[in-house]
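A short write-up of the structure that comes next.
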Amino acid sequence: MKCRTCGSKAVVNMRQHKLALCKEHYLEWLPQQVDRFIKKYQMFSKEDRILVAVSGGKDSLALWDILHGLGYNADGIYINLGIGTIGGYSDLSLQKVKKFSEERNLGLRVFSVIEEFNESIIDISGRTKRGMNRTCSVCGLTKRHVLNKVTRDDQYDVLVTGHNLDDEAATLFGNTLHWAGEFLLRQGPVLEANGGLVRKAKPLCRFYEKEMAAYAILKNIDYIYEECPYSTGSTSIYYKQQLNILEHHNPGEKLRFYVHFLKAKKDGLFSPLKSIQQSLHECPECGQPTSSPDLCSFCRLMSRK
Ligand code: SF4
Ligand code: ZN
Ligand code: ZN
């Protein structure tokens, strides 16, 4: 297989794009494409202050690397969830993130769940009676709460995350299976700020997980290979496996599923049934926006004994 640009040996073959590239041209192509979609979906500009949520994994570190390389003003935030033993998952991912930011001289904020709430994410999840995936749902709720707060308090213009196409297609698959109207309405490359909820963008939403892995490896980014120990058996992994079967038989299927959804939404297939904004108010405990009648879901969780 030869590189389409220079004819030398290709190291990446993207069947979905009918495109093969050598290392040099792949490392040039991917950031250009990311920038193309940042502009297409009007995610942010060079004047904006951007906060990137980094986990230490390939997607978020590759995203931060790409934004930095393209000249965007992007700081990182790492949330230490306190998962695993000393030297375990959270410690190791924090080390990777710190090393990455120090080598490139990038601004990094570290938020420690244990220091802030005196409990690890596992202890917090013990407060709920939710079933199998309770650690992940509590973890997701906590991360959303912290990220919104830090982005607001430190006056960043936008919060960006490293969700790739495989993540987005799996979420879309789940939302479609359950016809989760409100979630479908809110899913997309950009979520506008809304009554105290910050603006969010996902610059990697059109890039396959394997494209991001290839970028991180070819760029020698030192990321954490291990998955979080709580990720096994999650529904999103199951959805990803199902989508991989479709993709295997029909290259490009995942991308079409996602892009056709965005088009259908733009064409008005899903019209807002009610204004989410109208129903938001400030949580009396933490001041963040919530649609619950009283405390926000996070403060409700923390008030349980
Ligand atoms: Fe949190 Fe679950 Fe992700 Fe682990 S797998 S980081 S517990 S959401
Ligand atoms: Zn080439
Ligand atoms: Zn609250």
Side-chain angles (χ1 to χ4, degrees), residues 1-14 19-30 32 53-60 78-84 88-94 96-97 111 113-114 116-117 119-126 128 130-149 152-153 161-163 167 170-171 174 195-197 214 218 224 226-240 280-304:
M1 193 65 73
K2 291 201 165 130
C3 171
R4 185 198 277 179
T5 311
C6 69
S8 65
K9 191 172 177 296
V11 294
V12 180
N13 179 25
M14 293 169 283
L19 176 65
L21 292 169
C22 69
K23 176 177 172 182
E24 183 196 339
H25 289 117
Y26 184 68
L27 291 180
E28 209 175 87
W29 176 83
L30 191 81
Q32 279 170 2
V54 281
S55 65
K58 62 180 185 323
D59 301 296
S60 55
Y78 175 81
I79 303 181
N80 190 343
L81 301 161
I83 291 178
Y89 178 74
S90 283
D91 277 0
L92 199 59
S93 38
L94 174 59
K96 304 272 182 196
V97 173
F111 184 101
V113 169
I114 297 186
E116 289 291 325
F117 306 125
E119 285 173 272
S120 77
I121 212 74
I122 315 303
D123 301 325
I124 299 177
S125 72
T128 129
R130 281 186 228 181
M132 266 170 43
N133 287 325
R134 77 176 180 192
T135 307
C136 288
S137 56
V138 165
C139 180
L141 172 67
T142 309
K143 285 191 282 197
R144 284 193 298 278
H145 179 85
V146 170
L147 291 173
N148 196 68
K149 183 164 169 28
R152 261 177 107 185
D153 290 353
T161 54
H163 292 95
D167 299 322
T171 303
L197 292 173
L218 293 172
I224 182 160
E226 290 85 1
E227 296 286 341
C228 169
Y230 294 94
S231 66
T232 43
S234 71
T235 5
S236 68
I237 292 188
Y238 174 69
Y239 291 155
K240 282 181 183 176
L280 288 178
H281 69 92
E282 271 186 20
C283 165
E285 182 68 32
C286 70
Q288 295 227 69
T290 176
S291 54
S292 322
D294 186 29
L295 293 178
C296 75
S297 338
F298 182 75
C299 292
R300 241 188 359 257
L301 172 70
M302 296 305 278
S303 69
R304 284 189 203 161

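Whatever order the structure lists ligands and atoms in, that order sets their numbers, starting from 1.
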>> Apply side chain to side chain contact (heavy atoms under 4.5 Å, CB included) to residues Asp167 and Lys240 and explain how you reach the verdict.
In response: CA-CA 8 Å; Asp167 299 322; Lys240 282 181 183 176; 2.6 Å; yes

> Could you walk me through whether Lys96 and Tyr78 pass the side chain to side chain contact (heavy atoms under 4.5 Å, CB included) check?
Replying inline: CA-CA 11 Å; Lys96 304 272 182 196; Tyr78 175 81; over 6 Å; no

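Each protein N/O/S atom under 2.8 Å from atom 2 (Fe) of ligand 1 was counted, for a total of 1.
In this structure, Lys143 is part of the shell of residues with a heavy atom less than 4.0 angstrom from ligand 1.
Each of Ser120, Cys139, Ser55 was scored for a side-chain contact (heavy atoms from CB on, under 4.5 Å) with Leu81, with one residue passing: Cys139. The side-chain contact (heavy atoms from CB on, under 4.5 Å) test with Val97 is passed by exactly one of Ile224, Val54, Leu92: Val54.
Checked against side-chain hydrogen bond (donor to acceptor under 3.5 Å, both in side chains), Lys58 has the following partners two or more places apart in sequence or in another chain: Glu209.
The heavy-atom pair separating Cys6 from Cys22 by the smallest distance is SG-SG, 3.8 Å.
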